[in-house]
Asks: 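For reference, the structure I am asking about is given below.
Sequential numbering from 1 along the given sequence is applied to the chain's residues. Keep in mind that what you see is a predicted model, and the values were worked out from it rather than measured.
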Amino acid sequence: MEFDLNNQGEIDLMSVKRMMEKMGAPKTHLELKKMISEVTGGVSETISYQDFVNVMLGKRSAVLKLVMMFEGKAHESNPKPSGPPPERDIASLP
């Protein structure tokens, strides 16, 4: 989020450049383009959030699976019940 300046969920070449410089490992534009190509599989010029998580945690990581599961659930559109909750009696309480 710190380097996604346009809040589109993707990091472009200049954002990756700033990130690498801040980490103390500056790279050339050619190195950055190669890095982005390796991360995205050559299909994009920006790194998406999912690509970033995959790189940081590894594709077989249990933590990655939990993060992606949580992200998927956050985007689901389950309708929330509306109106007041149903009445309960003392016997139905835990």
Asks: If I compare all heavy atoms of Thr40 with all of Ile47, which pair ends up nearest, and what's the gap?
Replies: CG2-CA, 4.2 Å
Asks: With sequence neighbours left out, what residues match Lys22 under side chain to side chain donor-acceptor pair (under 3.5 Å)?
Replies: Glu2
Asks: Under 4.5 Å between side-chain heavy atoms, counting indirect links through other Ile/Leu/Val/Met/Phe/Trp/Tyr residues: same cluster for Val16 and Val43 or not?
Replies: no
Asks: Flag yes if Met23 and Leu32 sit in one hydrophobic cluster, no otherwise; membership is Ile, Leu, Val, Met, Phe, Trp, Tyr, and two members link when side-chain heavy atoms are under 4.5 Å apart.
Replies: yes
Asks: According to the salt bridge (charged side-chain N to carboxylate O under 4.0 Å, His left out) rule, which pairs have a member within residues 30-49, sequence neighbours left out?
Replies: none
Asks: Show every salt bridge (charged side-chain N to carboxylate O under 4.0 Å, His left out) that has at least one partner inside residues 8-18, sequence neighbours left out.
Replies: Lys17-Glu21
